[in-house]
Number of protein chains: 2
Amino acid sequence: MKRIAFLMVAVATLAGVVAFTAPASGHADEEASPIYGVKIPAGYRDWKLIAVDHLLVADKVDQLRAQLGNDIAIKAFKEGKVPFPDGSIIAAIHWTRVPSEDNNKVLAGPFPGALSFVVGSPVNVQFMVKDSKKYAATGGWGFADFKDGKPGDKALHETCFACHTPAKDRDYVFTRYAP
Amino acid sequence: MKRIAFLMVAVATLAGVVAFTAPASGHADEEASPIYGVKIPAGYRDWKLIAVDHLLVADKVDQLRAQLGNDIAIKAFKEGKVPFPDGSIIAAIHWTRVPSEDNNKVLAGPFPGALSFVVGSPVNVQFMVKDSKKYAATGGWGFADFKDGKPGDKALHETCFACHTPAKDRDYVFTRYAP
């Protein structure tokens with residue numbers, strides 16, 4: 001239990017709720033996040049794994065999630081070094097959590113009652129980009145939330161930094177590196 | 001729901017059950033898995049992410065899990081190519097799933113009832129190594145299950161291949177690449 005691991009809590013959650021309760025708002029043309037101007041980093045899906053988690057919000061959100069980091073971020077995580085150096089980028093990928101009937105069939109024989117949950121469809125992808133000068137007003141981090149490749153609106157992005165403030169002593173990063 | 005994603009079902013599950021119900025058996029000196037002779041591949045924790053999942057078995061297993069692949073395996077996953085080429089290695093890392101009180105405190109304000117679950121402690125790490133000649137008798141795959149760096153016993157490893165047989169049309173790999 002010593003590890004609490006992870007997450008871009010509030011933004012992540014909000015994004016999940018938004019994804020479940022409202023269609024994408026009118027910013028479909030944008031490629032960069034409002035406020036921060038963060039674009040989807042090339043090749044992020046191939047970055048190294050920081051941690052995974054599961055988020056439940058009543059009947060609205062049920063997500064399996066993975067956080068990946070670029071090499072600068074991963075090095076800092078492994079060294080337990082804060083603040084993260086400029087150039088660090090953390091990606092958080094969120095999928096719906098769905099039962100796997102295929103897996104459950106296989107498991108039922110040896111392990112009655114076993115339940116396997118796997119990733120369903122993509123919900124959103126979020127990024128935190130460290131640039132201590134450019135984003136000095138928000139702890140040195142720029143934030144972004146994308147759904148189907150399109151950034152969320154300004155109101156969504158206005159929630160990012162405030163929600164990360166409780167993790168100030170970890171340089172605003174909730175995620176912990178999984179052993 | 002079109003994606004069923006993942007997993008080294010039976011072996012994984014069994015390992016989880018074993019981990020919860022019995023201490024490591026008497027093979028603490030070994031470094032390679034019984035039957036298959038698979039050792040822990042160097043640097044596997046930094047491999048690319050295939051998928052994540054959640055496994056529940058009654059009161060015995062509650063795990064968050066990630067599957068990583070070496071470059072050969074990742075390429076095959078992305079191309080949807082089976083059988084996997086020789087040299088492919090898939091790693092499955094399993095952690096206990098635990099509530100994050102820290103995260104829940106932050107979430108409680110904006111999202112009453114939100115529950116965040118993160119990785120707790122490591123349970124086991126498993127590997128599938130493709131070598132179509134060496135492991136011809138088991139679909140071309142060698143299997144391994146490690147807990148605290150020590151391989152499980154022969155009886156455990158005898159279950160691997162049989163449980164993977166239902167995934168024969170996917171070259172015995174349950175895991176699907178997460179979008």
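Computed over heavy atoms, backbone and side chain alike; hydrogens, waters and symmetry mates excluded.
No continuous path of ILVMFWY side-chain contacts below 4.5 Å connects Ile89(B) to Ile72(B), so the two sit in separate hydrophobic clusters. Both Ile40(A) and Ile50(A) belong to a single network of hydrophobic side chains, linked directly or stepwise wherever heavy atoms of I, L, V, M, F, W or Y lie under 4.5 Å apart.
For the residue pair Pro179(B) and Gly120(A), the shortest heavy atom distance occurs at CG-O, 4.4 Å. The two residues Leu49(B) and Arg45(A) have their closest heavy-atom pair at O-NH1, 2.7 Å.
Leu56(A) places a side-chain heavy atom less than 4.5 Å from the side chain of Phe117(B). Side-chain atoms of Leu64(B) and Leu64(A), non-hydrogen and from C-beta on, do get closer than 4.5 Å to each other.
Within 6.0 Å of CG on Asp71(B) lie no more than 12 heavy atoms contributed by other residues, nucleotides or ligands.
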Exercise. Walk me through it: do Leu55(B) and Leu107(A) pass the test side-chain contact (heavy atoms from CB on, under 4.5 Å)?
Key: CA-CA 10 Å; Leu55(B) 181 66; Leu107(A) 292 165; 3.8 Å; yes
- request: Under the side-chain contact (heavy atoms from CB on, under 4.5 Å) rule, what do Val106(B) and Phe174(A) come out as? Steps first, then yes or no, please.
  value: CA-CA 10 Å; Val106(B) 175; Phe174(A) 287 98; 3.8 Å; yes
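Between atom NZ of residue Lys48(B) and atom CG of residue Leu68(A) there is a gap of 11.5 Å, rounded to the nearest 0.5 Å. A distance of 11.0 Å separates OG of Ser116(B) from CD of Gln63(A), quoted to the nearest 0.5 Å.
With Val52(A) as the partner, the side chain to side chain contact (heavy atoms under 4.5 Å, CB included) test is satisfied by one option alone out of Asp53(B), Val119(B), Val118(B): Val119(B).
Every pair passing salt bridge (charged side-chain N to carboxylate O under 4.0 Å, His left out) that includes a residue from residues 121-130 of chain A is listed here, sequence neighbours excluded: Lys130(A)-Asp171(A).
Judged as a side-chain hydrogen bond (donor to acceptor under 3.5 Å, both in side chains), and not counting sequence neighbours, the contacts of Lys78(A) are Asp46(B).
Ranking Leu115(A), Ile74(A), Ile93(A), Thr165(A) against chain B, the residue ahead of the rest is Leu115(A), based on heavy-atom pairs under 4.5 Å.
No side-chain donor-acceptor contact under 3.5 Å links Trp95(A) to the backbone of Ala51(B).
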